Every structure is written in structure tokens, then in C-alpha cells.
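Data first, discussion second: the structure below is written as C-alpha cells.
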Amino acid sequence: MFTSVLNDQFDNLDKHTQWGIDFLEKYAKFVKERIEIEQNYAKQLRNLVKKYCPKRSPKDEEPRFTSCIAFFNILNELNDYAGQREVVAEEMGHRVYGELMRYSHDLKTERKMHLQEGRKAQQYLDMCWKQMDNSKKKFERECREAEKAQQSYERLDNDTNATKADVEKAKQQLNLRTHMADENKNEYAAQLQNFNGEQHKHYYIVIPQIYKQLQEMDERRTIKLSECYKGFADSERKVIPIISKCLEGMILAAKSVDEHRDSQLVIDCFKSGFEPPGDFPFEDYSQNIYRTISDGTISTPKQEGMRIDSKTTVGKAKGKLWLFGKKPKGPALEDFSHLPPEQRRKKLQQRIDELNRELQKETDQKDALIKMKDVYEKNPQMGDPGSLQPKLTETMSNMDRLRMEIHKNEAWLSEVEGKVAARSDRRHSSDINHLVTQGRESPEGSYTDDANQEVRGPPQQHAHPSEFDDEFEDDDPLPAIGHCKAIYPFDGHNEGTLAMKEGEILYIIEEDKGDGWTRARRHNGEEGYVPTSYIDVTLEKNSKGS
């Protein structure tokens, strides 16, 4: 106990209690810096997550590879982990740092009060000691004066030459000094007794009580530090289960990576639906030599389908090779016919899904407007039913427009799906007869397997026009096998295509061979290819050409 061994060490206890408060504030500063570290760490983690998070729009069609999904899940878990670091900082700030600062303020106030009480008690004891010392000195001085008066009286009393009056005066002076010495003695005794009492009270009652309070204050400070040490660790320990779940989530994300699924996504993303190019036919240039040498030999007439111009063949070969190299650049078309079949099918299906969602929204809005109109008609005070008619008309118009768009895209989709199915059937038949040339080009970069169309088809944008002009020079006009009506207008900017207006009637001279294009002729004899999905075809056996 402070009271039993430190009753004379008030100044040292003053210094010790001040050191205790300084140490508490030093630990509070340490906690504050730790909080700043946690906050900065959490902020840097969140910035890191934000930096590497995907910034894709809702309509982005980037393939969702399992490795990418796993990384995004890891980023989410790391973001949650950063949140837990913020929880640690907040808990430390509230439970440790804030508590320490409040307690430090209260501790300073209490210490100041106890020290003031101790100083007041010491000052009072010093005052009592001074009073006792003054009375002691006065008593001592009066005693010396009384001794001098005694000696003077005895000297005059023994002196025969001294007068009686001098002796009487010395005797009176002796009595006065003796009386004053007695009074000072009594005062000194009283002051001494009072000081001894106050000193006993000071060292055994007042100071022990103050020391006891200082001891209790110092012990509470130590206990508070112990609690804060524990709270400092508990702030971290509380979030360990959640942090463990975040780390487990990262491990699960790593285990979710599926290389086979990612490979399949790559296949689905880049699959074109095109067939590999077929074998090149053998071009026999020696027939003219043999015919010249053997004059009597009757040469077999060359068949129409076997007339192959070397210039055209080379051009066709170059056109096919873009499937395995660089795609020809061209403007994006509304029906996506500039894309490979499989990619075109995916794009059309996505557009149809989006249009169906928009149609459903418009349908819901129409139903809501109709219900509101009924309410207004039954309760005219709530609103004018006629005010809803413009919005209802606009909604109905949007629904009709969306239905037409859906119908048009579904026609294109059916065309692509039918072409893929037909191509699959022809691939089986081409396996039997490998001499049939595969992979003919269509006007917009799609492929067909019809040999005649290869000769008569319009050229690619990147092909030279002369390569195809030679092919049409010797061809006789083909007979019409039916007629068609243009459902939509077609500009026909590409060479080999035929422009048409909505509602225009054309003759069909060659059916769609699965590539999405039909060959047609105007009344003036102009021919070219038109999109099959843009026309309504009627085939007639006895239709006449112009």
C-alpha cells in the first residue's frame, strides 16, 4: 500500500501518477495510428477492387469464362474483406481509442483534485509547525531574558554600594521576565501539543486517505489499460470468422474454374457455321492437245457446268480463304448477313429476346393505361379519360412496330436455321461424292453449295468486278420460275444485288440455295440478288420470263 511505505514520497507519487497518464495517452496514440493504418489499408483494397472490376455495360456480351467469373468473385470477396478491416478500425476507434481519451480526461481531473488535497494538507501542517516553532523561539528568548534579569538582580542584591531602589527595580524586572517566560512556556506547550496532533492526523489520516485515492486511481488506470489491450485484440478477433469466410469464398472461386467449359465458350463465341472449303477440281488443259493430235477423235462436248474460267477460279479460291484468315471488311447490315451463319443466328436471337422484352413492357404499360382509363371513366373526379388516349395510342403504335420487328427478325432467324439444317444435309451427301465443289460464296460473305450460283453470283466487295463480268457474258437469260413481292425496300448497294422498292413485283429466276439470297429479274430485264427475307415468293410452273 502507498500509505505504509510512501508516506513521505508525495512528490514521487505526483511524478508517478503523471507518468501513468502519459503512458495511457501514449498507448492511445498508438491505437490511433493503428486505426489510420487499417483505414488506409481498407481504402487501398477498395481502390484496387474498383480498378480491376469489370466496367461493362448491361448489354455487353463478353463471354463469361469461369476463370473470369472466379476472378470477379475473388474481387467481391476482397471487397468484403476490406469492409471487415473498416469494421476493425471502427471498433478500435469506438471501444479503445475513444474510451481511452475519455478516461484520460477524467483521470487528469481526479489526479489534480487528489494532489490539491495533499498539498493543502501539507501546507496546513507546515503552518502548524511554523506556529509551534515561533512559540518555541519566543519561549526560548524569554527564558534567556529571565536569566539575565535573575543575574542582574543577584548582582545588585549582593552589591553593598547599590541602592535599595535599584535592587527593588531589578527584582520587579526579574518577576516580569519570569512571568513572561511562564506565559510563553504555556503557549509553546499548547502549540507543541497542537502540532503533534495535526502531524499525527496528517501522516495517519489525511495523507493515507489521499494516497489511498491515488493508489485506487492508478490501479483503475492499469485495469483500464488491460481492458483496452483486450479490446484491441477482440476488435480483430471478432471479424476473423467473416474474414475466414471471405478467404473460403476465394478458394471456392478458384475451385470453380472449369477449363472445359471455358473452351466450350470459346467455341460457341467464335463458331461461324461455315463449312471448310472443298477440294479444287482438276482443270485438264491437255484436251486441246489430244484433240489436235488425233484428228479422227470426236471430242466430247463440254458441259455447261464444267465451263470454268481460270480467272474466276482463282478469284473464288481467294474469296473462300477469308474464313481462315482475315474477314473482309464491310458495313454492318440490319439482318446481320455480313456475319457467319452461327454468329448471325446468335445475334438475331438476342435481338428477338430484347424486342420481346420491350414488347412485354409496352404491353404492361398498355394494360395499366387501360385500367387507369376505366377508373377515370367510373370516377370522373379522379381524372379525364381522354387525357390518356394519346399515350395509349403511342403505346399501341410501339407494340405494332415491335411486332413487325420481331416478325422480320424471326423470318431472318428461320432463314438462318433452315440454311444451317440444309447445309448439314448437303454435307452428308457431299461425303459420298467428293468431286462436288463446296463452300460457294454469297453476295454478303455467306456461303452456298450451288455450283451455278458460284458462276452467276454477284461479287464480293473486295473482289474485282471483271472477275465476274466474264461469267455473265455467255449466259442466256434464265426462265422465270415464279414471282415475288417486295415486303421491305432494299438498296442493293453491293455489286450483283438488285435494288427494289416496297411492294414491287419481280420475277424469280433462281431459288434461294440456302444462303439467304434469291435471284430475281425486273420487267426491264435487269437481274440481281435480293434478300429472301425481304420478299414474299410465289413459285409457278408456267411463269414466263420477260
Side-chain angles (χ1 to χ4, degrees), residues 1-23 106-222:
M1 298 289 290
F2 289 174
T3 56
S4 60
V5 296
L6 298 178
N7 51 10
D8 58 346
Q9 299 296 320
F10 184 82
D11 293 338
N12 288 332
L13 285 179
D14 183 0
K15 294 178 181 179
H16 172 74
T17 52
Q18 182 61 45
W19 170 86
I21 294 176
D22 293 341
F23 181 78
D106 297 340
L107 202 64
K108 289 179 180 179
T109 303
E110 183 180 358
R111 172 180 174 274
K112 182 179 180 180
M113 180 186 67
H114 294 326
L115 293 179
Q116 286 178 349
E117 290 178 356
R119 290 190 181 95
K120 287 181 181 179
Q122 187 65 41
Q123 290 173 1
Y124 179 72
L125 183 64
D126 293 342
M127 182 189 67
C128 292
W129 181 82
K130 286 180 181 180
Q131 290 178 353
M132 184 270 297
D133 186 61
N134 290 334
S135 63
K136 177 182 176 181
K137 289 179 180 179
K138 190 176 181 181
F139 171 61
E140 183 180 3
R141 186 173 58 253
E142 292 298 332
C143 286
R144 285 195 300 268
E145 293 295 332
E147 289 178 358
K148 290 180 181 179
Q150 179 69 29
Q151 292 175 0
S152 178
Y153 171 72
E154 290 178 353
R155 187 178 65 253
L156 289 174
D157 188 44
N158 294 329
D159 188 2
T160 55
N161 296 325
T163 62
K164 185 177 180 180
D166 292 336
V167 174
E168 187 66 25
K169 184 178 179 180
K171 184 177 179 181
Q172 291 178 357
Q173 186 68 22
L174 175 61
N175 291 333
L176 178 62
R177 290 296 178 182
T178 302
H179 177 70
M180 292 182 64
D182 291 337
E183 288 182 354
N184 287 329
K185 179 180 179 180
N186 294 332
E187 183 179 356
Y188 167 63
Q191 292 293 339
L192 180 62
Q193 184 178 4
N194 179 65
F195 172 75
N196 289 334
E198 293 296 334
Q199 181 175 255
H200 185 275
K201 179 181 179 182
H202 177 82
Y203 285 107
Y204 290 95
I205 299 176
V206 178
I207 290 299
Q209 183 66 27
I210 294 174
Y211 282 6
K212 181 180 179 182
Q213 293 172 347
L214 289 173
Q215 179 180 353
E216 291 175 352
M217 181 193 73
D218 194 68
E219 289 177 352
R220 290 198 308 273
R221 175 191 63 81
T222 305

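Not measured: the values here are computed from a predicted model.
Side-chain atoms of Tyr211 come within 3.5 Å of backbone atoms of Phe10 as a donor-acceptor pair (strictly under, hydrogens ignored). Proximity of a side-chain donor or acceptor of Ser152 to a complementary backbone N or O of Lys148 within less than 3.5 Å is not detected. Looking at Asn196, its side chain does come within 3.5 Å of a backbone N or O of Leu192 through a donor-acceptor pair. A donor-acceptor pair under 3.5 Å is formed between the side chain of Asn134 and the backbone N or O of Lys130.
Phe195 has its side chain out of reach of Asp133: every pair of non-hydrogen atoms, C-beta onward, lies at least 4.5 Å apart. Inter-residue side-chain proximity for Gln213 and Glu117 is flagged as met; some heavy-atom pair is nearer than 4.5 Å. Counting only heavy atoms from C-beta outward, the side chains of Lys171 and Asn175 approach each other to under 4.5 Å.
Considering every non-hydrogen atom in both Arg177 and Ala149, the closest pair reads CG-CB, 4.0 Å. A pairwise comparison of heavy atoms in Leu214 and Leu115 identifies CD1-CD2, 4.3 Å as the closest pair. Here the closest heavy-atom approach between residue Arg221 and residue Phe23 is recorded as NH1-CD2, 4.4 Å. Taking each heavy atom of Leu156 and Ala170 in turn, the nearest pair found is CD1-CB, 3.5 Å. Scanning all heavy atoms of the two residues, the minimum distance from Pro208 to His202 falls at CD-O, 3.7 Å.
One finds the CD atom of Glu183 at 7.5 Å from the CE atom of Met180 (value rounded to the nearest 0.5 Å). The CD atom of Gln209 lies 10.0 Å from the CD1 atom of Ile205; values are rounded to the nearest 0.5 Å. In this structure, Lys201 NZ and Glu198 CD are separated by 5.5 Å, a value rounded to the nearest 0.5 Å. Atom OH of Tyr153 is separated from atom CD of Glu168 by 8.0 Å, given to the nearest 0.5 angstrom. Taking OG1 of Thr17 as the reference point, atom CE of Met217 lies at 5.0 Å (rounded to 0.5 Å). Atom OH of Tyr204 is separated from atom CD of Gln199 by 9.0 Å, given to the nearest 0.5 angstrom.
Counted by atom type alone, Gln215 and Glu219 present one or more donor-acceptor pairs between their side chains at under 3.5 Å. Glu147 and Gln151 form no side-chain donor-acceptor contact under 3.5 Å, judged by distance and modelled atom types alone. A donor-acceptor contact closer than 3.5 angstrom is absent between the side chains of Gln18 and Asp14.
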### Query
Would Lys138 and Glu142 satisfy salt bridge (charged side-chain N to carboxylate O under 4.0 Å, His left out), going step by step from the backbone distance to the final call?
CA-CA 6 Å; Lys138 190 176 181 181; Glu142 292 298 332; over 6 Å; no

### Query
Could you go step by step and tell me if Lys108 and Lys112 meet the side chain to side chain contact (heavy atoms under 4.5 Å, CB included) rule?
CA-CA 6 Å; Lys108 289 179 180 179; Lys112 182 179 180 180; over 6 Å; no

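The residues Lys15 and Asp11 are annotated as not salt-bridged, no charged nitrogen and carboxylate oxygen being separated by less than 4.0 angstrom. With respect to Asp182 and Lys185, no salt bridge is recorded, no charged nitrogen being found less than 4.0 Å from a carboxylate O.
The neighbour count for Gln193 CD, taken as heavy atoms of other residues, nucleotides or ligands under 6.0 Å away, does not exceed 12.
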